[in-house]
Enquirer: 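Quick one: this structure, given as structure tokens, is what I'll be asking you about.
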Amino acid sequence: MLTDPSQKYQAAAPVDLPDRQWPSRTLRQAPIWLSTDLRDGNQALFEPMNRERKLRLFHELVRIGFKEIEVGFPAASRIDFETVRHLIDEQLIPEDVTPMVMTQLREDLITATVNSVAGARRVIVHFYNAIAPAWREIVFGMSVAQIVAMVEHHIALFRRLTAAHPETEWILQYSPETFCMAELEVSLEVCNAAIRAWDAGPQRPMIINLPTTVEVSTPNIFADQIEWMDRRLERREYLILSVHPHNDRGTGVACAEQAMLAGAQRVEGCLFGNGERSGNADVVTLALNLYTQGIAPGLDFSDIAAVARIAEECTALPIHPRHPYVGDLVFTAFSGSHQDAIAKGFAAQKTDAPWRVPYLPVDPKDLGRTYDSIVRVNSQSGKGGIAFLLQRDHHITMPRRMQVEFSAIVQTLADASETELSSEQIWDIFQRTYLLPVQEQSGFIYRSHHLSEHEQGERIVLELADAHGNARTVEGWGNGPIAATVAALGLSIRIDSYEERSLGAGSDASAVAIVEAALPAIAGSRFGVGCHANITTASILAVLSVAHRLCTATSAAR
């Protein structure tokens with residue numbers, strides 16, 4: 001890369017608009033949406049869609065709620081021509097949906113385009129030509145006056161051709177291609193010439209579409225350009241002002257949002273930002289950005305995974321796993337601090353309250369997503385995420401200090417495996433750590449117990465076995481079953497805390513008991529867990545669990 005790129009590249013010139021209004025405005029409604037998935041999006045594919053895939057995606061766009069859909073470039077593509085005619089002849093276009101077709105300013109292409117859509121109830125025909133200096137001077141060798149004359153000539157031809165088909169409502173869309181790189185005075189002159197040539201008015205609707213054909217400036221400059229044009233276009237009340245942002249700088253969504261603040265009423269883009277080079281504005285992201293601001297987008301993404309699946313199948317382009325709102329991992333947190341905040345947010349969120357879950361700008365349920373993948377665990381994860389999964393999937397609510405202990409165990413295994421751990425794998429680790437030792441691996445395997453009241457307190461007779469099946473009976477006294485069990489084991493265990501909870505609801509729900517205990521011979525404390533339909537038995541199992549863990553730690557320390 002150049003150390004001084006200013007010698008080769010020039011920054012975009014600012015717009016002289018000292019009284020600009022758009023920065024102080026707030027978006028309050030969704031724009032008119034036009035999907036260009038079947039045209040601009042299709043041009044970007046390794047293998048353009050065949051007729052069947054185009055029709056499938058068209059029907060999905062209709063289902064989502066698009067009222068304007070660019071169906072192709074029929075004068076330049078046999079598949080597009082046949083697809084357009086099939087949609088019209090088979091009456092597959094709903095009455096409230098308007099198809100759009102595109103053509104360059106050439107007489108033969110305009111004639112073929114009119115023939116491709118003749119007989120439709122209503123159609124938008126999209127004219128475009130490049131007007132920026134580099135194109136005028138390098139590609140076409142034309143003056144501004146010649147470009148204006150060309151636009152006027154071809155729109156006059158279009159008026160004559162469409163007059164022969166009064167059964168169709170004809171809407172003209174004109175795009176000064178390369179608008180974002182052209183002089184604003186030139187853009188205005190060409191657009192006003194198109195407006196006059198079409199004679200835009202109450203009965204002759206027209207769309208002026210201003211594209212960032214290649215992004216060359218920051219979004220605020222594009223917004224300035226839009227506001228400048230919005231103030232000066234002739235017959236403005238009879239126009240729909242549209243934008244078509246590309247994404248060369250990665251700011252297509254920002255350009256669209258700021259253009260809307262600046263006066264744009266309509267946005268063209270593709271579902272997931274498909275388009276030539278770096279793509280078009282991402283309509284899904286735009287629409288759901290509005291949704292998270294409390295604005296109904298007018299598009300149905302309540303089953304976003306199904307939309308993504310159909311788009312991927314039709315385009316053969318995968319959607320990035322971290323794509324906003326849609327990617328497989330977009331609602332997934334591996335970071336421990338994020339997981340902790342999300343878990344607390346879910347616990348605090350009320351059904352009828354405004355959405356306030358940290359790190360989640362939208363409720364995944366609104367998009368047909370589940371909570372299953374929101375918290376996932378790898379070596380970067382923390383106690384909050386692990387605790388969340390155990391609580392959500394197995395109804396185990398760990399005390400905070402136990403979360404610290406267990407997360408260290410999980411992370412050690414995650415580091416060793418160098419991979420993600422599933423919820424079931426975490427549950428397996430929990431069982432092996434806290435539950436199975438008292439059943440399979442130790443000298444504290446529970447067989448039965450008997451409690452009785454005595455003057456000294458409660459007496460327990462506890463039948464145990466070791467891993468080889470050798471049985472033993474121990475007894476002890478205490479002021480409750482936990483103290484009695486500790487006495488029966490004959491260990492200098494200090495019980496620091498005890499909690500009990502129900503696993504589920506109803507009379508047949510199991511109980512979970514959690515104890516925290518310590519031994520003088522080792523530093524710190526350990527936790528033990530017991531699960532049983534009887535809470536007393538669960539408490540005894542928890543003591544046996546922590547006794548096994550403390551004894552194991554003592555042996556390891558020697």
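Atom set for the values below is all heavy atoms of this structure, side chains included, hydrogens, waters and symmetry mates excluded.
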Enquirer: Students often mix this up, so state it plainly: with edges at 30° and 60°, are the rings of H244 and H246 parallel, tilted or perpendicular?
Expert: tilted
Enquirer: Just wondering, do W477 and E458 contact through their side chains at under 4.5 Å, heavy atoms?
Expert: no
Enquirer: Hey, does the side chain of E215 reach the backbone of R249 with a donor-acceptor pair shorter than 3.5 angstrom?
Expert: yes
Enquirer: Side chains of L451 and P481: closer than 4.5 Å at any heavy-atom pair?
Expert: yes
Enquirer: Between L241 and M229, is there a side-chain heavy-atom distance shorter than 4.5 Å?
Expert: no
Enquirer: Would you call I514 and M402 a side-chain contact if the rule is heavy atoms closer than 4.5 Å?
Expert: yes
Enquirer: Which atom names give the shortest non-hydrogen contact between D466 and I445, and what distance separates them?
Expert: O-CD1, 3.4 Å
Enquirer: Taking the side chain as every heavy atom from C-beta outward, state whether I226 and L210 have any pair of such atoms under 4.5 Å apart.
Expert: yes
Enquirer: Can you tell me how far the CZ atom of F301 sits from the OG1 atom of T285, to the nearest 0.5 Å?
Expert: 9.0 Å
Enquirer: Could you check whether any side-chain N or O of R459 sits under 3.5 Å from a backbone N or O of G476, counting only pairs where one atom can act as donor and the other as acceptor?
Expert: no
Enquirer: What closest approach, in Å, do G478 and A483 show between heavy atoms, and which atom pair accounts for it?
Expert: CA-CB, 4.0 Å
Enquirer: Could you report the tightest heavy-atom contact between A513 and A542, atom names first, then the distance?
Expert: O-CB, 3.5 Å
Enquirer: Quick one: does any side-chain atom of Q265 pair with a main-chain N or O of P31 as donor and acceptor, under 3.5 Å?
Expert: no
Enquirer: Kindly indicate whether the side chain of R266, heavy atoms from C-beta on, has any atom under 4.5 Å from the side chain of I207.
Expert: yes
Enquirer: So, the side chain of Q349 versus the backbone of F346: is there a donor-acceptor pair under 3.5 Å, distance only?
Expert: no
Enquirer: Any salt bridge between E463 and R447, counting N to O under 4.0 Å?
Expert: no
Enquirer: Side chain to side chain contact (heavy atoms under 4.5 Å, CB included) with F430: which of M398, H394, Q425?
Expert: M398
Enquirer: What's the shortest heavy-atom distance between I426 and F406, and which atoms?
Expert: O-CZ, 3.7 Å
Enquirer: If only atom types and distance count, is the side chain of D37 paired as donor or acceptor with the main-chain N or O of L271 below 3.5 Å?
Expert: yes
Enquirer: Give a yes or no on whether E313 atom CD has more than 12 heavy-atom contacts from other residues, nucleotides or ligands under 6.0 Å away.
Expert: yes
Enquirer: Is there a donor-acceptor pair closer than 3.5 Å between any side-chain N or O of R369 and the backbone N or O of V326?
Expert: yes
Enquirer: May I ask you to decide if V214's main-chain N or O and T212's side chain share a donor-acceptor pair within less than 3.5 Å?
Expert: no
Enquirer: Can we say E405 and R549 salt-bridge, meaning some charged N sits less than 4.0 Å from an Asp/Glu carboxylate O?
Expert: yes
Enquirer: Check for a donor-acceptor pair, side chain of N247 on one end and backbone N or O of G252 on the other, with a separation under 3.5 Å.
Expert: yes
Enquirer: Determine, stepwise, if the pair N289 / E257 fulfils side chain to side chain donor-acceptor pair (under 3.5 Å).
Expert: CA-CA 9 Å; N289 282 355; E257 291 178 329; 3.0 Å; yes
Enquirer: Quick test of your reading of the model: are R231 and D19 salt-bridged, counting only N-O distances below 4.0 Å?
Expert: yes
Enquirer: Nearest 0.5 Å please: distance from the CZ atom of F222 over to the CZ atom of F179.
Expert: 6.0 Å
Enquirer: Could you check whether any side-chain N or O of Q293 sits under 3.5 Å from a backbone N or O of L27, counting only pairs where one atom can act as donor and the other as acceptor?
Expert: no
Enquirer: Is a salt bridge present between E60 and R63, judged by a nitrogen-to-oxygen distance below 4.0 Å?
Expert: yes
Enquirer: Quick one, L38 and L61 - any side-chain contact, counting heavy atoms below 4.5 Å?
Expert: yes
Enquirer: Side chains of C551 and F444, heavy atoms from C-beta outward: is any pair under 4.5 Å?
Expert: yes
Enquirer: Evaluate the side chain to side chain contact (heavy atoms under 4.5 Å, CB included) criterion for residues V512 and I396: first the C-alpha distance (whole Å), next the side-chain angles of each, then the deciding distance (0.1 Å), finally the verdict.
Expert: CA-CA 8 Å; V512 60; I396 298 289; 4.1 Å; yes
Enquirer: Verify, without hydrogens or angle tests, whether T292 (side chain) and V362 (backbone) share a donor-acceptor contact under 3.5 angstrom.
Expert: no
